[in-house]
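Structure incoming, see below.
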There are 2 protein chains.
Amino acid sequence: MNLACEACPVRDSAACSVLNDDERDALAAAGRTRTLKRGQMLFAAGDADAACATLVSGALKVCSTDIDGNEQILALVHPSGFIGELFAPFAHHDVVALTDSQLCTFARKDLDQAIDHYPALAKALLRRSQEDLHATRSLLELTGNATAEARLAALIYDFAQAASQSPCHPEQTFELPLSRGEIANMLGLTIETVSRKLGDLESSGAIKRIGKRGIELVDPAHLQALSGRFQG
Amino acid sequence: MNLACEACPVRDSAACSVLNDDERDALAAAGRTRTLKRGQMLFAAGDADAACATLVSGALKVCSTDIDGNEQILALVHPSGFIGELFAPFAHHDVVALTDSQLCTFARKDLDQAIDHYPALAKALLRRSQEDLHATRSLLELTGNATAEARLAALIYDFAQAASQSPCHPEQTFELPLSRGEIANMLGLTIETVSRKLGDLESSGAIKRIGKRGIELVDPAHLQALSGRFQG
DNA sequence: CGCTCCATTGAGTTACTTCAAAAATTGTGG
DNA sequence: CCACAATTTTTGAAGTAACTCAATGGAGCG
């Protein structure tokens, strides 16, 4: 068995987990591991034949840049997440590492062949794609009508859940993966508003700020209520 | 060959177009056609085992309803589009007909089997899913930062392109598929703002309103410039 | 220490919303 | 076919949440 795969932290959760050992070895032979430093770009919008990749560790952001140079974050990618537009001739968005990250990358044509050879892989990628679609629609719901405070509350709650190992139970204390500016352009707000509303959330007793990026959930139920969501 | 398929207007563009005649017949045997009147619901958020469907004619909206009963449109579905969350136990969103529509529906388990039997189908659905993902991210970009006028300009331009047969060339005259209220809650605005900004677009000479829902593109280039988009 | 980067705080402005009413369009029954 | 009610759209005036501009306050680093 491929050594890298054997030790891979996402071997049981990434798309390739649906393959058997032989199939996985064959796919691994076509791929290569890559590391990105924080802030480094995997590919940029407009790149032809942008690689596809499974994120092994770290975190990525998918973002666009408008005419005035303002960045907007469209999605976050967590370990075992998949990146890659298999059918578009050019990448639509930038993909940048939020923290130092490890990836398992594939040339598009190799992945395309793998999909044809291993039907289970196509199904696994379809599943991931639909999950990504749902995540994007959730963000769209959030930025559509909610107040600044509700957006922030929902984002913090989501991060708390992502930081937790057990699903559906938020981590009490964790580090925000994004700077104020990144939070702002993910939620369609300004840095100043994010800072002010974080202060409000703290005053209201929902959270406690610990340093610049640390968050402690003092009153998770209150935070969830402020987010205007039923659950998760 | 299946008679319904033979006459199907989207037989060359829908996901099932990747199947050969025999395969398509087998799939058609598991499916059934269904018509929806304008305003009728295909399924609601929370429904278990919601059906999957290919839209044959008409138009659908995918929308959510928040705690206060406000609807938000997350996506539009055009003919040959596919609807259905194959892997989620419950539907996440409502799906409603915008106009009288014809669909080709499948029980989820039947479609699931078809995916396993016909790998090409899985790949076709993956492609559609990634296109849906891109469309949703485009809407997210639009509602994230743009002004009311830019959102409206972009939406009108998109509708003009959707109404046109030739891709990349907008139709000069067409009917809006949405009411003012639907436009508003797709763009995260109010009815009043939509109405006012439509008036502004008309005053500026970009468009001309014809009745309630008719639009004539007087100056497409100006409209596109107002939308703040490069193209598309 | 001084520099840079990021976050916070303050004051004034604005784009959009809210509330309210008029106008246009559509549907319905006589 | 016309009158009348219902629905949708437009228009107006006032209010507000978030933005912009500007200054201050740490934190990290050479």
Side-chain angles (χ1 to χ4, degrees), chain A residues 37-39 61 66 68-73 98-99 142-156 175-204 207-215 226-228, chain B residues 37-39 66 68-73 98-100 142-156 175-204 207-215 226-228:
Chain A
K37 292 272 175 204
R38 172 181 173 161
K61 62 180 173 185
D66 70 15
D68 307 328
N70 300 109
E71 171 187 283
Q72 181 172 7
I73 296 181
L98 285 169
T99 64
L142 195 64
T143 57
N145 285 309
T147 64
E149 191 166 79
R151 296 182 203 191
L152 208 45
L155 191 72
I156 290 172
E175 294 280 308
L176 291 170
L178 303 177
S179 69
R180 296 290 184 271
E182 286 168 332
I183 293 173
N185 63 38
M186 181 160 182
L187 297 179
L189 302 170
T190 59
I191 293 180
E192 295 93 326
T193 301
V194 170
S195 184
R196 273 184 256 270
K197 294 302 171 186
L198 270 178
D200 293 351
L201 287 177
E202 189 167 27
S203 316
S204 78
I207 63 166
K208 191 163 170 307
R209 282 183 286 187
I210 300 169
K212 271 189 171 173
R213 291 195 174 198
I215 294 286
L226 287 174
S227 79
Chain B
K37 294 272 177 206
R38 173 183 170 158
D66 69 16
D68 307 330
N70 300 109
E71 172 188 282
Q72 180 172 7
I73 297 181
L98 285 169
T99 65
D100 294 358
L142 196 63
T143 56
N145 284 307
T147 64
E149 190 165 78
R151 295 182 205 192
L152 208 46
L155 190 72
I156 291 172
E175 294 279 309
L176 291 171
L178 303 178
S179 69
R180 297 287 183 274
E182 285 168 332
I183 293 173
N185 63 38
M186 182 159 181
L187 296 179
L189 302 170
T190 59
I191 293 181
E192 295 94 324
T193 301
V194 170
S195 183
R196 274 184 255 270
K197 294 302 172 186
L198 270 179
D200 293 350
L201 287 177
E202 189 167 28
S203 317
S204 77
I207 64 168
K208 190 163 169 312
R209 282 181 286 185
I210 299 170
K212 268 189 170 173
R213 290 194 175 197
I215 294 286
L226 286 174
S227 79

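The structure displayed is predicted, hence computed values, not measured ones. Reckoned from all heavy atoms, side chains included, excluding hydrogens, waters and symmetry mates.
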Nearest whole angstrom, please: distance from the C1' of C/dA7 to the CD1 of A/I210.
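One finds 17 Å between C1' of C/dA7 and CD1 of A/I210, rounded.
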So A/E202 and A/K208, side chain to side chain contact (heavy atoms under 4.5 Å, CB included) or not? Walk me through it.
CA-CA 5 Å; A/E202 189 167 27; A/K208 191 163 170 307; 4.0 Å; yes
Please state how far atom CG in A/D200 lies from atom C1' in D/dA17, giving the value in whole angstrom units.
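After rounding, the gap between these two atoms is 12 Å.
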What do the steps show when you test B/N70 against B/N185 for side chain to side chain contact (heavy atoms under 4.5 Å, CB included), and what is the final call?
CA-CA 8 Å; B/N70 300 109; B/N185 63 38; over 6 Å; no
C/dC6 C1' sits how many Å from A/L178 CG, rounded?
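Roughly 14 Å, once rounded to whole Å.
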What bend angle does the helix from C/dC1-D/dG30 to C/dG30-D/dC1 show across its length, from five-pair end axes and to the nearest 10 degrees?
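Inter-axis angle at the ends, rounded: 40°.
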Who are the salt bridge (Lys or Arg N to Asp or Glu O under 4.0 Å) partners of A/R213, not counting sequence neighbours?
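A/R213: no salt bridge (Lys or Arg N to Asp or Glu O under 4.0 Å) contacts found.
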Could you pull out every donor-acceptor pair under 3.5 Å between side chains of residues 192-200 of chain B and any protein atom, sequence neighbours left out?
residue : atom : partner : partner atom : Å
B/T193  : OG1  : B/T190  : OG1          : 3.0

Value in whole Å for how far the P atom of C/dC6 lies from CG of A/L176
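One finds 15 Å between P of C/dC6 and CG of A/L176, rounded.
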Working to the nearest 0.5 Å, report the span between CD1 of B/I183 and CG of B/L152.
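One finds 6.5 Å between CD1 of B/I183 and CG of B/L152.
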Closer than 3.5 angstrom, by distance alone: can the side chain of A/R180 be matched with the main-chain N or O of A/K212 as a donor-acceptor pair?
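Yes, A/R180 side chain to A/K212 backbone: donor-acceptor pair under 3.5 Å.
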Going 5' to 3' along nucleotides 23-30 of chain D, which nucleotides have protein heavy atoms under 4.0 Å from the base (write B), which only from the sugar-phosphate (write S), and which from neither (write -)?
---B----
For nucleotides 9-21 of chain C, read 5' to 3', which letter fits each nucleotide if B means a protein heavy atom sits under 4.0 Å from the base, S means only the sugar-phosphate is that close, and - means neither?
BBB----SBBB--
Decide side chain to side chain contact (heavy atoms under 4.5 Å, CB included) for A/I73 and A/L178; before the verdict, give the C-alpha distance in whole Å, the side-chain angles of both, and the deciding distance to 0.1 Å.
CA-CA 10 Å; A/I73 296 181; A/L178 303 177; 4.3 Å; yes
Sorted by first residue and then second, give each salt bridge (charged side-chain N to carboxylate O under 4.0 Å, His left out) pair with at least one member in residues 181-191 of chain A; sequence neighbours left out.
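Only A/K61-A/E182 qualify under salt bridge (charged side-chain N to carboxylate O under 4.0 Å, His left out).
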Can A/L201 and A/I156 be said to form a side chain to side chain contact (heavy atoms under 4.5 Å, CB included), step by step?
CA-CA 11 Å; A/L201 287 177; A/I156 290 172; 3.9 Å; yes
Quick one: A/D68 CG to D/dT20 P, roughly how many Å, whole number?
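Checked: the CG to P distance equals 11 Å.
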Output the rounded distance in Å from CG (B/N185) to P (D/dT8).
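The answer, rounded to whole Å, is 13 Å.
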I'd like to know whether CZ of A/R38 has more than 12 heavy-atom contacts from other residues, nucleotides or ligands below 6.0 angstrom.
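12 or below, so no.
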Just the rounded figure in Å: distance from P of D/dT7 to CD of B/E182.
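It works out to 16 Å between those atoms.
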Specify the closest pair of heavy atoms between B/L142 and B/A154, including all atoms of both residues, with the distance to one decimal.
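Scanning both residues completely, I find the closest heavy atoms to be CD1-CB, 3.5 Å.
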Please report, rounded to the nearest Å, how far the P atom of D/dT11 is from the CZ atom of B/R180.
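Answer to the nearest Å: 11 Å.
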